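All values derive from a computational prediction rather than experimental measurement. Computed over heavy atoms, backbone and side chain alike; hydrogens, waters and symmetry mates excluded.
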Amino acid sequence: SAFALTALAATGDITAKDAKAYSDAAMTNYIGTIPAGTAVVVRSHENYADVYMDGKVVYIKSSALLNRDVTSDYNATLKEGVRVYQRATTDSTSYKLQKAGTVNVCAVNGDWALVQSTGSKGYYAYVQVSSLSNIRLAK
């Protein structure tokens with residue numbers, strides 16, 4: 001069965017801290033908060049970033065972004081049976097991996113890592129850092 005992560009985008013930067021989101025570039029119309037650790041598609045950023053998330057464009061301060069591409073410099077292995085999560089909490093939707101695989105390590109925050117699969121059907125998921133093995137610099 002497929003495991004879709006609807007909150008995470010295909011490419012983009014990771015928010016380093018909670019980001020106030022606005023419907024306008026002048027940042028006058030506050031519409032909510034994007035939690036730290038969320039992957040977003042960033043179209044452009046100078047003083048502000050316009051990001052595509054959940055089907056719409058919103059504006060956040062550029063300082064909320066880690067300013068790094070999701071394709072990471074580090075790879076790691078996830079063993080068969082490791083549980084991956086939609087959010088960085090064991091209370092979120094999860095899926096047990098049917099086979100081992102290599103992932104890109106996108107970001108680490110405390111006990112959680114955001115990873116991207118390296119296969120043709122790429123996905124993003126959160127795993128507990130203790131589940132990562134064979135961490136190495138990507139070639």
Side-chain angles (χ1 to χ4, degrees):
S1 66
F3 184 65
L5 297 177
T6 55
L8 299 180
T11 60
D13 292 356
I14 314 299
T15 54
K17 55 188 174 187
D18 287 355
K20 289 182 179 175
Y22 301 87
S23 63
D24 60 317
M27 294 195 220
T28 57
N29 187 24
Y30 173 76
I31 55 173
T33 301
I34 299 172
T38 304
V40 292
V41 174
V42 179
R43 295 195 314 176
S44 64
H45 57 85
E46 303 237 346
N47 296 334
Y48 66 87
D50 61 335
V51 302
Y52 183 80
M53 186 178 162
D54 294 336
K56 63 183 177 221
V57 173
V58 298
Y59 298 86
I60 64 174
K61 289 185 178 177
S62 292
S63 59
L65 297 171
L66 286 179
N67 291 329
R68 61 183 290 180
D69 196 83
V70 170
T71 304
S72 166
D73 292 331
Y74 290 91
N75 286 341
T77 302
L78 291 179
K79 293 182 178 146
E80 178 182 330
V82 164
R83 196 162 279 283
V84 298
Y85 297 86
Q86 186 171 357
R87 295 188 319 276
T89 171
T90 55
D91 293 337
S92 71
T93 302
S94 66
Y95 174 76
K96 191 182 282 190
L97 292 181
Q98 301 302 311
K99 58 183 181 180
T102 300
V103 293
N104 294 322
V105 180
C106 303
V108 175
N109 187 355
D111 295 333
W112 290 92
L114 176 64
V115 298
Q116 175 193 23
S117 68
T118 57
S120 58
K121 293 187 177 183
Y123 65 84
Y124 291 92
Y126 289 93
V127 298
Q128 292 176 309
V129 171
S130 58
S131 297
L132 298 172
S133 59
N134 300 326
I135 300 170
R136 64 204 172 281
L137 195 61
K139 297 260 187 274

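Taking the side chain as every heavy atom from C-beta outward, Lys61 and Met27 approach each other to under 4.5 Å. Using a 4.5 Å heavy-atom cutoff, the side chains of Trp112 and Gln128 are in contact. Within the 4.5 Å cutoff, no side-chain heavy atoms of Val127 are placed close to those of Val103.
Taking NZ of Lys99 as the reference point, atom CD of Glu80 lies at 10.0 Å (rounded to 0.5 Å). For the atom pair CD1 of Ile34 and NZ of Lys20, the computed distance is 13.0 Å after rounding to the nearest 0.5 Å. Rounded to the nearest 0.5 angstrom, Ile31 CD1 and Tyr22 OH are separated by 10.0 Å.
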Item checked: side chain to side chain contact (heavy atoms under 4.5 Å, CB included) evaluation trace for Val115 with Val84 -> CA-CA 9 Å; Val115 298; Val84 298; 5.5 Å; no
Next item on the list: Evaluate side chain to side chain contact (heavy atoms under 4.5 Å, CB included) for Leu78 paired with Leu132, printing each intermediate quantity in order.
Entry: CA-CA 6 Å; Leu78 291 179; Leu132 298 172; 3.8 Å; yes
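Under the side-chain hydrogen bond (donor to acceptor under 3.5 Å, both in side chains) criterion, Asp24 pairs with Thr28, sequence neighbours left out. With sequence neighbours excluded, no residue forms a side-chain hydrogen bond (donor to acceptor under 3.5 Å, both in side chains) with Ser92.
One side chain, Ser23 or Asn29, offers a donor N or O that lies under 3.5 Å from an acceptor on the other.
Between Ser133 and Lys79 the shortest heavy-atom distance is OG-CE, 4.1 Å. The heavy-atom pair separating Val129 from Ala113 by the smallest distance is CG2-N, 4.0 Å.
With Asn134 contributing its side chain and Ala76 its backbone, the two residues share no donor-acceptor pair below 3.5 Å.
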